[in-house]
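What follows is one structure encoded as structure tokens, with my remarks underneath.
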Amino acid sequence: MAEVKLVNVTKIFQRGNIGVKDVNFTVEDGEFCVILGPSGCGKTTTLRLIAGLEEPTEGEIYVGGRLVNNVPPKDRDIAMVFQNYALYPHMNVFDNMAFGLKMRRMPKEEIKKRVEEAAKLLGIEKLLDRKPRELSGGQRQRVALGRAIVRNPKVFLFDEPLSNLDAKMRVRMRAELARLHKKLKATSVYVTHDQVEAMTLGDKIVLLKDGTVQQIADPLTLYHKPANKFVAGFIGSPAMNFFEGKIMKEGETFYFVGKELKIKIPEKKAIKIKERKNIEEVVFGIRPEDIEFDKGEIEARVDLIETLGNEILVYLSLDDTTFIARIPPYNPPKANDSVRINFIEDRIHIFDTKTEENITI
């Protein structure tokens with residue numbers, strides 16, 4: 001296997017449309033890297049640049065330490081798994097998995113050995129004589145994975161491979177992919193818009209917006225220490241709550257003051273604010289699970305309750321400001337109740353309104 005490295009990579013399409021701009025990141029040997037972001041952010045473009053299906057306008061792409069900008073896709077030793085499986089309908093499972101090896105004129109015995117080993121690894125050894133139309137969506141996806149595995153490539157590329165599956169099958173296939181990666185220890189780049197897939201599969205996540213990298217980090221760092229407001233709002237469901245306001249200082253104590261809120265900023269986070277100059281307009285952020293009930297001096301009204309079994313979402317309002325709390329599924333308040341709440345101090349975030357940068361990490 002090998003590392004993948006993008007250095008100052010930019011892709012500009014016709015009419016000046018920017019696919020990605022100045023992208024820099026490295027996927028270490030054996031690492032599972034997820035490229036995450038909303039539709040149109042440049043995820044698939046980045047993957048196609050690595051595969052050689054697109055040429056970068058600027059920048060350099062390395063696979064295994066080799067510059068591959070001018071290397072055709074077939075010579076990059078990369079296997080790609082697509083969203084639509086791309087199986088040949090007239091071939092059975094064995095021939096679909098073996099097709100690429102046959103094109104390379106590999107000996108028949110070696111082909112048979114590789115296909116059977118991959119089929120056993122994926123649990124489809126009893127399906128080798130079937131045609132794609134006789135398979136379920138999950139089985140077809142395993143065949144597509146098997147076709148990539150038999151090539152024993154340096155790098156695996158996944159382009160939203162689970163998006164055509166139903167919710168239950170996606171959960172199963174996520175677990176399968178995680179298990180496969182643990183066994184194969186393969187360098188993998190995985191594209192998705194689904195943050196759950198990204199958080200559960202990725203050793204590292206590259207989060208894109210409008211073709212630019214917003215943050216590169218492991219899942220927990222991305223969740224607990226978002227670099228900016230976009231990251232904070234994109235990662236997590238329900239999303240982080242945001243309140244607009246200002247920073248005010250009383251004596252040596254800093255406060256966030258909003259339309260209906262006045263929140264003391266803990267010393268560790270206040271130190272970060274002291275290091276910045278001329279920051280007044282800010283956005284206060286707090287995740288739904290970091291709101292405590294029956295504590296503190298903030299009084300809010302319960303607008304709506306959503307019972308999800310393992311948790312309860314409470315929709316709250318402070319006059320015209322609405323936000324969401326996540327609580328355990330026991331003794332929930334009722335709609336129209338008045339409740340006292342508290343924001344856990346060391347889990348608050350303050351974002352600069354102008355730059356949207358998180359100034360408390």
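Rounded to the nearest 0.5 Å, atoms CZ (R326) and CG (N241) are 10.0 Å apart. Atom CZ of F94 is separated from atom CD1 of I124 by 11.5 Å, given to the nearest 0.5 angstrom. Taking OG1 of T321 as the reference point, atom CD of E260 lies at 3.5 Å (rounded to 0.5 Å). In this structure, L53 CG and R48 CZ are separated by 5.0 Å, a value rounded to the nearest 0.5 Å. Summarising the geometry, atom CG belonging to L49 is positioned 6.5 Å from atom NZ belonging to K11; distances are rounded to the nearest 0.5 Å. Going from atom NZ of K249 over to atom CD1 of I265 covers 12.0 Å, rounded to the nearest 0.5 Å.
Remark: of the listed residues E116, E110, E109, E116 is the sole one forming a salt bridge (Lys or Arg N to Asp or Glu O under 4.0 Å) with K112. Applying the side-chain contact (heavy atoms from CB on, under 4.5 Å) test between F323 and each of D303, V314, I341 identifies I341 as the sole match. The only member of L207, I35, V206 that meets side-chain contact (heavy atoms from CB on, under 4.5 Å) when paired with K43 is I35.
Counting only N and O atoms by type, the side chains of E28 and T26 include no donor and acceptor under 3.5 Å apart. Side-chain atoms of S338 and E299 form a donor-acceptor pair, as typed in the model, at a separation below 3.5 Å. D159 and T44 form a side-chain donor-acceptor contact under 3.5 Å, judged by distance and modelled atom types alone. Inspection of the S317 and D319 side chains reveals no N or O donor paired with an N or O acceptor under 3.5 Å. With no hydrogens or angles considered, a side-chain donor-acceptor pair links Y190 and E197 at under 3.5 Å. A side-chain donor-acceptor contact under 3.5 Å links Q214 and N228.
Remark: R151 fails to qualify as a cation-pi partner of F156 under the 6.0 Å distance and 45° angle criteria applied to the six-membered ring. Relative to the ring axis of Y255, K262 places its NZ or CZ within 45° and under 6.0 Å from the centre.
Sparse packing is recorded around OH of Y88, with 12 or fewer heavy atoms of other residues, nucleotides or ligands lying under 6.0 Å away. In D75, the CG atom is crowded: over 12 heavy atoms of neighbouring residues, nucleotides or ligands sit closer than 6.0 Å. The number of heavy atoms from other shown groups lying within 6.0 Å of NZ (K120) does not exceed 12. Atom CG of N70 is surrounded by 12 or fewer heavy atoms from other residues, nucleotides or ligands within 6.0 Å. More than 12 heavy atoms of other residues, nucleotides or ligands shown are found within 6.0 angstrom of CD on E311. Within a 6.0 Å radius of NZ in K274, other residues, nucleotides and ligands contribute more than 12 heavy atoms. The environment of CD in E244 is sparse: at most 12 heavy-atom neighbours from other residues, nucleotides or ligands sit within 6.0 Å.
Annotation: side chain of Y315 is not in contact with side chain of I305 (no heavy-atom distance under 4.5 Å). Taking the side chain as every heavy atom from C-beta outward, T221 and P226 never approach each other to under 4.5 Å. Residues K354 and E281 are not in side-chain contact: their nearest non-hydrogen atoms beyond the backbone lie 4.5 Å or more apart. In this structure, the side chains of L122 and I149 come closer than 4.5 Å at one or more pairs of heavy atoms. Annotation: side chain of L162 is in contact with side chain of L177 (closest heavy-atom distance under 4.5 Å). In this structure the side chain of Q215 reaches within 4.5 angstrom of the side chain of L222, judged on heavy atoms. A 4.5 Å side-chain heavy-atom check between I111 and K102 finds at least one atom pair inside the cut-off. At least one side-chain heavy atom of L316 sits less than 4.5 Å from a side-chain heavy atom of V302.
Remark: R179 engages E176 in a salt bridge (charged side-chain N to carboxylate O under 4.0 Å, His left out) (not counting sequence neighbours).
Contact check on K204 versus E31 returns a salt bridge, with a Lys/Arg side-chain nitrogen under 4.0 Å from an Asp/Glu carboxylate oxygen. A salt bridge does not link D210 with K21: none of the charged nitrogens is closer than 4.0 Å to a carboxylate oxygen. With respect to the salt-bridge test (charged N to carboxylate O, under 4.0 angstrom), the residues K259 and D320 qualify. Remark: K272 does not engage E275 in a salt bridge, criterion side-chain N to carboxylate O under 4.0 Å. K154 and D77 are not joined by a salt bridge, as no carboxylate oxygen comes within less than 4.0 angstrom of a charged side-chain nitrogen.
The same ILVMFWY cluster, assembled from side-chain heavy atoms under 4.5 Å apart, contains both F82 and V189. Hydrophobic cluster membership differs between V93 and F99, with clusters built from Ile, Leu, Val, Met, Phe, Trp and Tyr side chains linked at under 4.5 angstrom. Cluster annotation: M248 is not connected to F254 through the hydrophobic network of ILVMFWY side chains, with a link wherever side-chain heavy atoms come within less than 4.5 Å. Put simply, L67 and V7 are part of the same group of oily side chains (I, L, V, M, F, W, Y) that touch within less than 4.5 Å, one to the next. No continuous path of ILVMFWY side-chain contacts below 4.5 Å connects M240 to I324, so the two sit in separate hydrophobic clusters.
Between F284 and F242, a ring centre-to-centre spacing not shorter than 6.0 Å is recorded.
Of the possible polar contacts, one joining the N69 side chain to the I61 backbone as a donor-acceptor pair under 3.5 Å is found. Of the possible polar contacts, none joining the T187 side chain to the D29 backbone as a donor-acceptor pair under 3.5 Å is found. A donor-acceptor pair under 3.5 Å is absent between the side-chain atoms of E306 and the main chain of I312, judged by distance alone. Remark: side-chain polar atoms of D337 are not paired, donor with acceptor, to backbone N or O of V339 under 3.5 angstrom. Side-chain atoms of T192 come within 3.5 Å of backbone N or O of D194 as a donor-acceptor pair. Of the possible donor and acceptor atoms, none in the side chain of R340 sits under 3.5 Å from a partner among the backbone N and O of E297. Under the 3.5 Å distance criterion, the side-chain polar atoms of H181 are left unmatched by any main-chain donor or acceptor of G202. The closest donor-acceptor contact from the side chain of K131 to the backbone of M91 lies at 3.5 Å or more, if one exists at all. Listed for the R170 side chain is a donor-acceptor partner under 3.5 Å among the backbone atoms of L165. Looking only at distances, a side-chain donor or acceptor of R76 sits under 3.5 Å from a matching main-chain atom of I50.
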Task: Verdict with reasoning, L145 to L180, per side chain to side chain contact (heavy atoms under 4.5 Å, CB included) - done: CA-CA 10 Å; L145 285 169; L180 272 172; 4.2 Å; yes
Task: Test side chain to side chain contact (heavy atoms under 4.5 Å, CB included) applied to N342 and I291, step by step - done: CA-CA 6 Å; N342 176 60; I291 300 175; over 6 Å; no
- [ ] Apply side chain to side chain contact (heavy atoms under 4.5 Å, CB included) to the pair D166 and M169, showing each step before the final yes or no.
- [x] CA-CA 5 Å; D166 61 52; M169 183 56 68; 3.3 Å; yes
Open item on the list: One pair to check against side chain to side chain contact (heavy atoms under 4.5 Å, CB included): F343 and I263. What are the steps and the verdict?
Closed with: CA-CA 8 Å; F343 299 146; I263 308 292; 3.7 Å; yes
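Considering all non-hydrogen atoms of both residues, V81 and Q141 come closest at CG1-OE1, 3.4 Å.
Using the six-membered ring where Trp is involved, F158 and F32 have ring planes that are parallel, under 30° apart on the 30 and 60° scheme.
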